[in-house]
J.: 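Handing you this structure, nothing more for now.
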Amino acid sequence: MDILTKKVKGTEDILPSESYKWQFVEELMREEAQKNGFKEIRTPVFEHTVLFNRSVGETTDVVQKEMYTFDTKGGESITLRPEGTAGAARAYLEHAVYNEGLPVKVYYQLTCYRYEKAQAGRQREFHQFGMETYGAADAGADAEMICAANNIFERLGLENIRLEINSIGCKTCRKDYTNALKEYFGEHKASLCETCLSRLDRNPMRILDCKNESCKKIARNAPVVLDYICSDCSEHFDKVKTFLNAADVEFEVNPTIVRGLDYYTKTVFEFVTDSIGAQGTVCGGGRYDGLIEELGGQPTPALGFAMGIERLMMVMKAENIELPEEDTCDIYIAALGEDAMIRAFGLVQDLRNSSITAETDIMGRGLRAQMKYANKIKAKYSAVIGDDDLKNNSVKIKNMTTGETVDAPLDDFVEVFSDIILNNAVGALNDLIGTDADMSFSDFLNRIN
Ligand code: ATP
Ligand code: MG
């Protein structure tokens, strides 16, 4: 029966002891997106297969090798989303979101599914955070997108991650480049894998993204796209660089980046690290000016990026990034006897309704075991209610760190305890301000968050 307690290959569980780290990272990303005026979009886990064939591209690794595709009982071909851009673009068109005014800026946090060889940094179910902008052709949109991703890494404190950018041109200038690639790879047919041989005629640029060692070796000396882009694309690229400089974002131009999906045009970029082994691309994105039209919409410039949250967490671990400790329970109310337990239960509900995290016994444990548990969950305060306390309408609130106690009337328990918490918060704030009078407003906000 092992199969009942073994996860499927390439999937991971995020356990209760780890989930707060995910929540912290996800919250930071959400905040960054919202600061930039992006709103969340949530789309289904599965879509019609043709959507991905069309948008990701028939000749890509994702479509050719990695999709989870199946027929439903009704005979429809369905695919688990391998990425988030296609679904977001489909929803943008289906609901005519462009009518709400351009640009439309959305972000998402979702799971993706790719049938890949499972290894460190490469899972079959993984998480992406992504941002997409529709309707903006200006280089400012490219730079805004890149800066937002960069801010996420900076705010997390990552050091060993670099931004690489490139331009892969538009449809017009791509023609010359494609011909140059056909000619080059045509001379090296013997070294290409079978998939790449079939790509040679249809989409030779995909060969540059092949993971096969022999293809990679040949690709190293292939013509580079930057030498073929038209003046319009070249100007756009220069503008992106100017904006990035203006925002003090460091970057390198890497003329070999082409990205693994077909829909990209003009700017492409990656955030890459050396600290987590072979799967070092944490974030990838770029412009995809042809996609919306390809899906049946009006010609609409668009762009986006997606970052892999698992890979990001791996870099954070490798760089020993310290996250704020998980917040613990404000108060544990222990109870002795049936009546006290009922009172404690009511109190805990009242505390929770005042936004205080509170717990009481739900195990029928004795007092010692209850207090042991309070210590284990690192409750900041505790209170013990017995029959006498009920009679006297009085209870002691104990600070679990200092051992100090405060008497509180049971009838006013929530008010008294709220005051204690509030005073602590004010004290902590005063300490913070007192220690660093020159602190910037954003640092201040970051530290009290
Ligand atoms: P790679 O070249 O590593 O296969 P990709 O070009 O296929 O990446 P994208 O489609 O651009 O990746 O997806 C964006 C990000 O999602 C990647 O940079 C990576 O961080 C993450 N990612 C992609 N595939 C996986 C996977 N199988 N497992 C975990 N994360 C992934
Ligand atoms: Mg891939």
Side-chain angles (χ1 to χ4, degrees), residues 7-14 22 25-26 29 52 55-57 59-68 79-89 107-132 145-146 149-150 152-153 156 158 161-166 168 195 205-213 215-216 219 254 256-264 267-288 291 303-318:
K7 58 187 161 55
V8 174
K9 190 172 172 182
T11 65
E12 284 297 339
D13 300 304
I14 298 165
W22 281 75
V25 170
E26 286 165 356
M29 290 170 168
F52 300 115
S55 58
V56 176
T59 53
T60 58
D61 268 0
V62 171
V63 169
Q64 290 189 325
K65 305 178 184 167
E66 299 169 0
M67 294 208 304
Y68 279 90
T79 294
L80 302 186
R81 63 181 171 221
E83 49 92 68
T85 296
Y107 75 93
Y108 56 76
Q109 278 176 347
L110 39 74
T111 49
C112 296
Y113 303 85
R114 296 187 192 180
Y115 197 75
E116 299 200 70
K117 188 165 170 247
Q119 54 196 291
R122 207 175 275 295
Q123 294 174 197
R124 291 178 174 177
E125 179 188 69
F126 62 97
H127 295 76
Q128 280 189 344
F129 165 80
M131 293 170 60
E132 319 272 347
M145 192 83 34
I146 295 173
N150 189 66
I152 290 171
F153 299 130
L156 287 170
L158 301 187
I161 190 156
R162 59 181 188 279
L163 166 62
E164 299 184 349
I165 63 173
N166 191 23
I168 58 171
T195 320
M205 227 169 96
R206 288 277 65 82
I207 302 174
L208 300 172
D209 207 50
C210 183
K211 301 280 187 308
N212 182 299
E213 280 309 322
C215 300
K216 267 193 195 164
N254 177 352
T256 67
I257 301 180
V258 293
R259 311 279 316 121
L261 315 178
D262 256 2
Y263 46 58
Y264 288 106
T267 319
V268 288
F269 60 92
E270 292 185 347
F271 285 85
V272 189
T273 178
D274 299 317
S275 48
I276 56 168
Q279 303 347 305
T281 308
V282 180
C283 172
R287 208 166 245 293
Y288 47 86
L291 178 66
L303 63 157
F305 72 73
M307 57 177 78
I309 308 187
E310 281 80 5
R311 286 192 200 171
L312 175 62
M313 301 291 262
M314 285 168 70
V315 192
M316 287 169 58
K317 195 164 174 207

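Since we're looking at a predicted model, the values are computed, not measured. Just so you know, ligand 1 is whichever comes first in the structure, and atom 1 is the first atom listed for that ligand. Index from 1, following the sequence.
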J.: Going by the side chain to side chain contact (heavy atoms under 4.5 Å, CB included) test, name the single residue among T79, T85, L80 that passes it with F52.
T.: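 Considering T79, T85, L80, a side chain to side chain contact (heavy atoms under 4.5 Å, CB included) with F52 is found only for T79.
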J.: For R162, is there an ion pair with D274 - N to carboxylate O distance below 4.0 angstrom?
T.: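 Looking at D274 and R162, the cut-off is met.
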J.: Aromatic rings F129 and Y107: how do their planes relate, parallel, tilted or perpendicular, breaks at 30° and 60°?
T.: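 Plane angle between 30° and 60°, so tilted.
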J.: Taking non-hydrogen atoms within less than 4.0 Å of ligand 1, which protein residues qualify?
T.: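 Within 4.0 Å of ligand 1, the protein residues are R114, E116, G121, R122, Q123, F126, Q128, K211, R259, T281, V282, C283, A306, G308, R311.
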J.: Not counting sequence neighbours, which residues clear side-chain contact (heavy atoms from CB on, under 4.5 Å) with Q123? List them please.
T.: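 Counting only residues at least two positions away or on another chain, Q123 forms a side-chain contact (heavy atoms from CB on, under 4.5 Å) with E12, F126, E310.
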J.: Is the closest side-chain donor-acceptor distance between Y68 and E125 under 3.5 Å?
T.: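 No, because no side-chain N or O of Y68 sits under 3.5 Å from a partner of the opposite role on E125.
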J.: Taking only Lys NZ, Arg NE, NH1 and NH2, and the carboxylate oxygens of Asp or Glu, determine whether R114 and E83 approach each other closer than 4.0 Å.
T.: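 So R114 does not pair with E83 through a salt bridge.
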